[in-house]
Every structure is written in C-alpha cells, then in structure tokens.
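Below is one structure, written out as structure tokens; the observations come after it.
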Amino acid sequence: MPDNPVAVPRTPARPQTGAATVLKIVIAGGFGTGKTTAVGAVSEITPLSTEEYLTSASADVDSLEGLAAKRTTTVAFDFGRLTLPDAPIPLELFLFGTPGQDRFVNLWHDIVRGAVGAVVLVDTRRLAASFTPISFFEDIDLPFVVAVNEFDGAHRYDLCQVRAALDLPDRVPVVTCDARDANRVAGALLTLVHHAAKNTPASPRHSSLPTSFQDV
Amino acid sequence: MTAPGRTAEDSVFVRTYTLTRGRTAPRHRLGLETVLEAGPGRPGPGQAEECARILALCRERHRSVAELAGLLRRPVTAIKILVSDLVDADALVVPVTSPYAASSVDSGAGPSPQMLAAVTAGLRKKFPDAVSYAHAG
Ligand SMILES: Nc1nc2c(ncn2[C@@H]2O[C@H](COP(=O)(O)OP(=O)(O)O)[C@@H](O)[C@H]2O)c(=O)[nH]1
Ligand SMILES: [Mg+2]
C-alpha cells in the first residue's frame, strides 16, 4: 500500500562525514510585518516562497473528489538558510517565515517540530496581527521572543506598552528590530536562542500533539 | 468533478496529481527540513522531469525538502512523493546529520542545551556586531 506512509519503515539514513546539523527557527508575524525581509537579511539564498496544500483533517483523501477539495488551495511560507561553519560543530540554520493566519495552523505543526523557537515580528500599527502566532506558540510551549520592527512614520511605543498590549508574561523577551538589517535580525535570533536555552524543558515539548502531526 | 468557477484551481491540482502519478502521500517520512544528497543509484524509467531537476540540484549541494519545493515551485507534498521515489532508487540519500538533531526532531523536543550553545557561538562568529538582549524586556 504505497500511499500509507505509516506502513513503511523510516527512511534509511546513510553515514556521511561532514554533514552539518540542521536547526530550524520560525519567523512569524502578520502580513507586512517584515518576515520576508528578515529571512532575506540573514539568509545565504534569496528567500524562497514554498507552497504546501492547505490541509483539513476531515478531508476525504481516499476519493479523488475529496482529495481535490483538500488540495486545490495552497498556503505559502518563506524559506531561507544560513550556514554557521565556525560553530563548535558545523551547523546550518533553516529559517521559516510564516504568516499569522489561523488557516496556517496545520502547516505550523510541521514547521515547529524540533525547532529552536520563533521570533514574532510586530508592527505596532497592527498589533492584532500578532495574536494568532503568539497564542499558538504559547499553547504548544515553543520558546518565542517578540521583535518590534520600527516602521517609518509609526509611533514609537515603549516596549513595556507593547508587552502590556500583547498581554505577554515577563519571561518572554521583547526587543526592537529592523528586519532590513542583518545584525539586528541576528541579534533577535541570539535573543531567541538565549531564551530557549533558559527554558529547555526536561521533557519533550509538544508531546501532546495528535500523532497524525508526527507522521509525514 | 469540475465545479464552475474552479477551473484554474482544478488545473493546478490535476497537474500535480499527474506529476505524482495519482499518489497522494509520500512513502517515506520526510520533514520540511529533511536534507537530501545525491546517491549512487539512478532513477527508474518514466520519472517526471522534476526528478531530474531535483537530482541536479542535490548534486550541487545538499538541499532540504522545503528548498526543493520552493525552487521547483511545487507543493511540499508533491515534492515529498517524488523524493521518496528517488530515495527508493538510491538516487537520493538522507545523510546522517547529528544524533542530537535527528532525535530531537523525532521526539518533538527542542534542541539540546549543547546545541543551543553551539548556535549562539556560530551566530556570534558570523555576526560579530549583532547585539542580543539576554535580559530583554
Ligand atoms: N522601516 C522598516 N521597514 C520594514 C521593516 N521590515 C520590513 N519593512 C518593509 O515593510 C514592507 C513589508 O515587508 P515584508 O518583509 O514583505 O513583510 P512580510 O509580509 O511579513 O513578508 C517592505 O517594503 C519592507 O521593506 C523594518 O524593520 N523597518
Ligand atoms: Mg512576505
């Protein structure tokens, strides 16, 4: 039964010397908050727009018609990567820029599995666009930081005001950023990695995910 | 099965469905971040043109599933199905990266503290002017 991945053993992996270890970081935020810009600022490749089918758990995938209904719509995310050859072990960071809409939630589970954490980009003129990613990351216990992009002409709020408006607990770091500036984006990534290191849980996270998210 | 007004969407679907020869799910468990390298095998006859492009890209350097899908402008699931075929033919292999990374992705846990320390060191070397806020906010 070739269409049932569960019946098939795990993809065989080959020993390979010098292969870099891959780590994922999510760059989330509403439309126009600077996700593509931030990925591009630190990525070694021009950010790619990668598509995936918009899945719904209830779609009938055994019939062509059910499948068509499930698969006529796609969602897109940004993909970028950067190598860290001077790390103690060779590392490659994969960056996933994902929009904040609810319809993304299925894809988010694939994106966040095993990830370091997320940087949530915020435009203070449209704070509400950040609510969906923030509550999603809180729900699944993924470490995240909030990075406020200071857009030209936007009112500069105190970071405490942003924290209060987003109802963030004290432990979540809130920083300012400029998605166009590689050093500022790298600073936000470093802040995230620090934060994740402080919060590395003893037990695996997202163990409460339905098993369907863990396969394929 | 074509409903009025959905022709464009349906044709995208039919094109992809043809590409995967009717298959709807990959045989192998592949993540968005699964990395592929060119292997010694050759793909079987009658493979989609996209398979040749995937192999050419993976011969240049290792590529992730997400990157291949972005470069080929095809949905991730379609790329996973083609990559599974190529893995079966030994034309692509999944290199072992690191015990930490593989096990963390499997268990759903985040990277280990040692791994996070390595990321910090690597980012600092690459972006010496970056300012992080260890006690931000
Ligand atoms: N001033 C300022 N402009 C930004 C910043 N980040 C992004 N932009 C601009 O805002 C627009 C939207 O950014 P984009 O990366 O496409 O947002 P996305 O929809 O989240 O991917 C672009 O014109 C960017 O140049 C920032 O940090 N500061
Ligand atoms: Mg964008």
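Lettering follows sequence order; numbering is per chain, from 1.
- Using a 4.5 Å cut-off between heavy atoms, A:Leu168 does not touch chain B at all.
- Under the salt bridge (charged side-chain N to carboxylate O under 4.0 Å, His left out) criterion, the residue pairs touching residues 116-129 of chain B are A:Glu44-B:Lys126, with sequence neighbours excluded.
- Counting only heavy atoms from C-beta outward, the side chains of A:Leu23 and B:Glu33 never approach each other to under 4.5 Å.
- For the residue pair B:Ala130 and A:Gly187, the shortest heavy atom distance occurs at CB-N, 3.8 Å.
- Residue-environment remark: CZ (A:Arg171) stays at or below the threshold of 12 foreign heavy atoms within 6.0 Å.
- Here the CG atom belonging to A:Leu190 is positioned 9.0 Å from the CZ atom belonging to B:Phe127, to the nearest 0.5 angstrom.
- Crowding of A:Asp158 atom CG: a count of heavy atoms from other residues, nucleotides or ligands under 6.0 Å exceeding 12.
- Distance check: A:Asp110 CG to B:Thr77 OG1 gives 8.5 Å after rounding to the nearest 0.5 Å.
- If you measure heavy-atom distances from B:Val119 to chain A, the contacts under 4.5 Å come from both the backbone and the side chain.
- The side-chain heavy atoms of B:Leu32 and A:Phe77, taken from C-beta on, include a pair separated by under 4.5 Å.
- B:Ile79 CD1 to A:Glu52 CD: the interatomic distance, rounded to the nearest 0.5 Å, is 10.5 Å.
- Within the 4.5 angstrom heavy-atom criterion, only side-chain atoms of A:Leu48, from C-beta onward, approach chain B.
- Among residues two or more places apart in sequence or in another chain, the side chain to side chain donor-acceptor pair (under 3.5 Å) test is passed with A:Asp178 by A:Arg180.
- If you take NE2 on A:His194 and OG1 on B:Thr120, they are separated by 5.5 Å, rounding to the nearest 0.5 Å.
- Contacts with chain A (heavy atom to heavy atom, under 4.5 Å) involve these residues of residues 62-70 of chain B, listed by number: B:His62, B:Arg63, B:Ser64, B:Ala66, B:Glu67, B:Ala69, B:Gly70.
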Show every donor-acceptor pair shorter than 3.5 Å between a side-chain atom in residues 44-54 of chain B and any protein atom, with sequence neighbours excluded, or say none if there are none.
from	atom 1	to	atom 2	distance (Å)
B:Glu50	OE2	B:Arg74	NE	3.3
B:Glu50	OE2	B:Arg74	NH2	2.6

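- Heavy atoms closer than 4.5 Å to chain B are found nowhere in A:Leu192, neither backbone nor side chain.
- Per-residue counts of heavy-atom pairs under 4.5 Å with chain B were compared for A:Glu51, A:Arg184, A:Arg81; the largest is that of A:Arg81.
- Heavy-atom pairs under 4.5 Å with chain B peak, among A:Val162, A:Asp181, A:Leu84, A:Asn183, at A:Asn183.
- Taking both residues in full, the closest heavy atoms of A:Gly114 and B:Pro111 are given as O-CD, 3.8 Å, listed atom of the first, atom of the second, then distance.
- Of all heavy-atom pairs between B:Pro75 and A:Thr74, the closest is CG-CG2, 4.4 Å.
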